[in-house]
Amino acid sequence: GHAQELHLKQWYQRRVRGDIGGQTLGGAMLKNYIYNAHAVLLVYDITNAQSFDNLEDWLTMIRSHCGQKTPALALIGNKIDLDHLRAVKNDRHQKFANDHDMSSHFISARTDDQVSLCFQKIAAQVLGFKLSKQEVELQQNVVQAEILKYSNLEPPKAQTSRQPRSALCSIQ
């Protein structure tokens with residue numbers, strides 16, 4: 001309800017920490033970032049298989065620093081706007097998430113697609129509740145388009161080019 005939503009927003013505003021992207025594995029600052037963390041997000045580039053292959057090492061390092069109190073873990077595939085260049089298949093992502101008891105998410109940081117929803121789902125997971133269908137739908141990008149009845153309109157007339165045609169290429 002409203003109380004959960006308020007609690008979720010307050011948690012999200014206070015708890016989201018920094019990005020350690022670019023850190024070397026075992027970097028001195030890693031344990032400072034994950035110390036007493038409620039959630040750890042492992043983000044990889046879906047167009048770069050090596051970034052996915054490194055996740056196992058990152059996960060081992062995180063677990064060694066957290067000891068018995070492992071925070072909620074989330075696997076996030078980034079760059080879904082470049083799905084046509086995907087190097088890591090969805091089933092490989094899902095298997096890794098399932099094998100390591102992680103929530104699974106896909107986002108595009110560049111286009112901001114699914115980013116807010118991803119963070120809200122993770123925050124809700126940490127707080128022990130699930131977002132309602134309405135809360136999820138509010139985060140979905142809605143595309144609206146007007147439907148035209150072409151039967152009542154004249155089809156557009158083709159423009160004729162007065163330039164000589166080339167056997168190789170014609171730009172019109």
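Tested against Leu73, the residues Met102, Gln125, His100 include a single side chain to side chain contact (heavy atoms under 4.5 Å, CB included) partner, Met102.
Here the side chains of Leu42 and Ile62 are in contact, with some heavy-atom distance below 4.5 Å. For the pair Arg63/Leu59, a side-chain contact is recorded, criterion being any heavy-atom separation below 4.5 Å from C-beta on. A 4.5 Å side-chain heavy-atom check between Phe106 and Asn90 finds at least one atom pair inside the cut-off.
Taking each heavy atom of Val88 and Ala49 in turn, the nearest pair found is CG2-CA, 3.9 Å. Across Val115 and Ala109, no two heavy atoms sit closer than the pair CG2-CA, 4.2 Å. When all heavy atoms of Pro71 and Ala37 are compared, the closest pair comes out as CB-O, 3.2 Å. The two residues Glu135 and Ser132 have their closest heavy-atom pair at OE1-N, 2.7 Å.
Ring pair His93/Phe52: centre-to-centre distance not below 6.0 Å.
Taking Lys95 as the reference, Asp99 meet the side chain to side chain donor-acceptor pair (under 3.5 Å) condition, with sequence neighbours excluded. Listed by chain and residue number, Tyr44, Asp45, Asn48 satisfy the side-chain contact (heavy atoms from CB on, under 4.5 Å) test with Ser51 (two or more places apart in sequence, or in another chain). When the salt bridge (Lys or Arg N to Asp or Glu O under 4.0 Å) test is applied to Lys121, no partner is found at least two apart in sequence or on another chain.
By the 6.0 Å contact criterion, CD on Gln50 is enclosed, its count of non-hydrogen atoms from other residues, nucleotides or ligands being greater than 12.
The OG1 atom of Thr111 lies 12.0 Å from the NZ atom of Lys79; values are rounded to the nearest 0.5 Å. Distance check: Gln94 CD to Asp91 CG gives 9.0 Å after rounding to the nearest 0.5 Å. Taking NZ of Lys89 as the start and CZ of Arg92 as the end, the distance is 11.0 Å to the nearest 0.5 Å. Distance check, rounded to the nearest 0.5 Å: CG of Asp101 to CG of Leu75 gives 12.0 Å.
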Please walk me through it: do Gln114 and Leu117 pass side-chain contact (heavy atoms from CB on, under 4.5 Å)? CA-CA 5 Å; Gln114 303 293 313; Leu117 179 60; 3.3 Å; yes
Begin from the C-alpha positions of Asp83 and Arg86 and carry the test side-chain contact (heavy atoms from CB on, under 4.5 Å) through to its verdict. CA-CA 5 Å; Asp83 195 58; Arg86 179 181 286 272; 2.7 Å; yes
Could you walk me through whether His38 and Leu127 pass the side-chain contact (heavy atoms from CB on, under 4.5 Å) check? CA-CA 9 Å; His38 294 280; Leu127 295 171; over 6 Å; no
Test side-chain contact (heavy atoms from CB on, under 4.5 Å) on Val40 and Thr70 and set out the steps. CA-CA 9 Å; Val40 173; Thr70 302; over 6 Å; no
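Residues Asp113 and Ser108 have side chains that never bring a donor and an acceptor to within less than 3.5 angstrom of each other.
Under the 4.5 Å side-chain contact rule for hydrophobic residues, Ile46 and Leu82 do not share a cluster.
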